[in-house]
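Ligands are counted one by one from 1 in listed order, and the atoms in each one are counted from 1 as well.
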Amino acid sequence: MTLAAFALLTAAVLAWAEPACKVPRAAPTGTAAWTAAHSSAAAAVARMSQQDKINMVTGIGWDKGPCVGNTAAISSINYPQLCLQDGPLGIRFGTGTTAFTPGIQAASTWDVELIRQRGEYLGAEARGCGVHVLLGPVAGALGKIPHGGRNWEGFGVDPYLAGIAMAETTEGIQSAGVQACAKHYIANEQELNRETMSSNVDDRTMHELYLWPFADAVHSNVASVMCSYNKLNGSWACESDKAQNGLLKKELGFQGYIVSDWNAQHTTNGAANNGMDMTMPGSDFNGRNVLWGPQLNTAVNNNQVSRARLDDMAKRILAAWYLLGQNSGYPSINIRANVQGNHKENVRAVARDGIVLLKNDGILPLKKPAKLALVGSAAVVNPQGMNACADKGCNTGALGMGWGSGSVNYPYFVAPYDALRVRAQSDGTTLGLHNSDSTSGVANVVSGADAAIVVITADSGEGYITVEGNVGDRQNLEPWHNGNQLVQAVAAANKNTIVVVHSVGPIILETILATPGVRAVVWAGLPSQENGNALVDVLYGLVSPSGKLVYTIAKKAEDYGTAVARGDDNFREGLYVDYRHFDNAKIEPRFEFGFGLSYTNFTYSALQTTTTATITPGPAGGPTIPGGPSDLWDTVATVTATITNTGAVAGAEVAQLYLSLPPSAPPSPPRQLRGFAKLKLEPGASGTATFKLRRRDLSYWDTGRQQWVVPSGVFGVSVGASSRDVRLEGSLQV
Ligand SMILES: *[C@@H]1O[C@H](CO)[C@@H](O)[C@H](O)[C@H]1NC(C)=O
Ligand SMILES: *[C@@H]1O[C@H](CO)[C@@H](O)[C@H](O)[C@H]1NC(C)=O
């Protein structure tokens with residue numbers, strides 16, 4: 001392609017985007033809206049019988065209604081049969097719905113506009129299907145264990161980035177009048193023994209890592225929170241007074257309701273008296289064991305659970321319903337409605353802009369090759385059919401998402417081969433295909449081609465399905481299906497090898513990077529239904545790759561310092577998770593958190609820091625609004641930097657700000673992400689990255705005072721292209 005044609009195409013692709021910098025928007029505080037919703041709810045509760053209230057808080061049983069969770073209608077107050085449906089990337093079991101990109105891919109774009117739009121479209125589809133409560137977004141698992149089976153459902157391992165994504169997604173979903181559900185609360189970091197193990201997390205780590213993104217969701221007025229399967233300090237999460245009443249309802253001022261994960265309730269009174277508000281699905285999966293319903297009625301009559309507590313549960317559920325305006329004109333339930341609209345455009349944009357270029361010696365972008373070869377079972381759609389495996393419980397054919405309840409049906413699926421074939425035809429390129437992972441015969445297909453593209457994968461999911469020996473969590477961080485050997489066989493026969501990785505999380509790339517002939521590594525993540533289109537957009541330079549890693553890729557698995565726990569997990573690593581650990585322990589990663597290459601180059605200049613008068617040391621102390629003390633959310637400093645595209649093509653840069661706390665703070669990770677901005681820049685153009693620092697961004701959790709405290713002294717400010725590629729350094733005096 002000529003440069004002029006390239007520029008035209010790039011301009012067309014960029015046209016939809018807003019120019020200049022993007023900073024996370026401030027959420028509305030929502031206090032007034034909740035107050036109004038709670039007063040409507042109180043009036044309705046006054047008209048309800050005790051049985052009505054019991055019905056409102058108890059699911060009607062597994063597999064008894066149109067949705068994965070259902071409660072009975074309450075005619076006296078015109079309350080409908082409530083529909084709760086998985087999940088975080090679309091409408092589970094839908095047949096006319098979009099398979100949105102997983103959370104991990106959305107986070108990899110670092111693009112708040114795309115993340116927001118994804119949330120809005122998720123909400124629009126849920127509403128179109130009459131779903132009242134969409135069971136997402138996910139901030140737990142956060143992903144402290146790289147093997148963790150469900151990490152891909154969330155937004156990566158940094159709480160600040162996950163928090164911004166939780167806020168944008170919650171607000172997006174709820175802008176359509178649909179209740180979002182922040183899950184799984186909390187410290188639900190692995191699948192092994194998830195229903196029996198205890199996560200024992202110290203107070204500071206709980207606040208600064210695991211609670212942090214939930215606080216963002218609460219600040220964005222999330223309607224509901226799902227308590228998780230695991231125990232916390234030996235108490236079931238759905239019976240933890242500390243987690244539910246202490247942290248969520250009191251400290252964060254959460255006004256909505258807590259719903260159990262499916263069958264995560266264990267006792268009638270323990271759940272009721274420790275803060276859980278709704279049980280789902282209302283029985284165990286055999287439809288037998290019922291813990292609320294008639295049992296809760298008896299407990300209330302015997303004063304084991306107070307009438308006030310039952311009223312509070314009903315009031316919280318109703319308040320969420322009123323808050324979202326679901327009391328008027330809500331569509332009736334039809335999970336099979338066709339509600340896709342133009343939403344695939346968001347899928348393609350997120351799939352594409354979440355691609356991270358890890359290595360490129362100049363072979364990319366492709367320029368009308370005469371002959372190309374494509375290799376791997378993941379190059380083509382699953383031969384049994386794109387939705388052949390229930391809940392995506394197989395890794396056969398091209399990979400678009402992990403497996404489990406957080407998966408959905410694909411309405412269509414564009415595999416790498418499908419998209420490359422179209423492009424090859426228009427360029428007059430001969431395209432060879434070896435659609436298996438067997439090394440035998442692969443040399444014949446790839447030798448003589450201008451480039452050979454090998455697609456490899458790694459998959460994981462929820463522990464109720466075992467795939468190729470992986471019981472949810474991954475057994476190791478190696479590519480599946482002997483991916484290393486496949487790459488070696490291809491590169492032995494073709495010295496222009498491009499490796500494409502579709503993966504739920506990090507894999508160890510050392511063997512591949514040491515293989516002569518591997519000229520590029522394209523980390524394509526989990527692109528859902530637009531898998532091939534997104535890949536072709538990047539391989540051919542229709543856009544410059546602009547994703548950045550949302551986790552570290554280590555040189556070896558042991559370097560992470562965390563592993564799936566065989567019994568309880570004492571979270572001994574504390575705050576030192578992912579890059580916080582690599583930085584602190586001075587371990588060289590292969591590719592650090594925040595890393596990603598482009599087809600162009602960016603320079604950073606003119607760091608400026610301005611502070612406001614409210615930047616005082618000491619604890620936050622404002623009145624509690626949703627999310628915690630109000631002043632925690634105030635902007636206290638603004639940092640700006642100029643980013644210039646000095647290369648030859650248009651591109652986008654994710655500028656990242658990391659803070660180092662002053663010595664007066666307790667020992668802390670050397671650098672923590674506290675800001676980012678994605679700038680789309682034409683060649684030669686400059687833009688301003690603006691980072692707004694809130695009081696919470698400068699605070700640590702003081703376990704003695706039980707408050708967020710801004711330490712006094714000099715904060716280190718690092719702005720750069722990754723967590724290690726620091727381009728500008730400054731400071732901030734408090
Ligand atoms: C768990 O125990 C630790 C140590 O006593 C405590 O700091 C923390 O708040 C407890 N968390 C929960 C959820 O009970
Ligand atoms: C980017 O900079 C590197 C060196 O810093 C140089 O080798 C490369 O050619 C530049 N790329 C572009 C697209 O300008």
Task: Distance from atom 9 (O) of ligand 1 to nearest protein heavy atom, with residue and atom - done: K242 CE, 3.5 Å
Task: Heavy atom of protein closer than 4.0 angstrom to atom 5 (O) of ligand 1 - done: no
Task: Is_contact(atom 1 (C) of ligand 1), protein non-hydrogen, under 4.0 Å - done: yes
Open item on the list: Below 4.0 Å, non-hydrogen atoms only: which portion of D203 touches ligand 1? Side chain, backbone, both or neither.
Closed with: both
- [ ] Give a yes or no on whether a salt bridge exists between K556 and D559, defined as a side-chain N under 4.0 angstrom from a carboxylate O.
- [x] yes
Open item on the list: I'd like to know if D312 and K53 make a salt bridge, using a cut-off of under 4.0 Å between side-chain N and carboxylate O.
Closed with: no
Open item on the list: Regarding S668 and R204, do their side chains bring together a donor and an acceptor under 3.5 Å, going by distance alone?
Closed with: yes
Task: Polar contact flag for N233 and ligand 1 (N/O pairs, less than 3.5 Å) - done: yes
Open item on the list: Any salt bridge linking D583 with R724? Criterion: basic side-chain nitrogen under 4.0 Å from a carboxylate oxygen.
Closed with: yes
Open item on the list: Checking the side chain of E573 only, and the main-chain atoms of H581 only, is there a donor and an acceptor separated by less than 3.5 Å?
Closed with: no
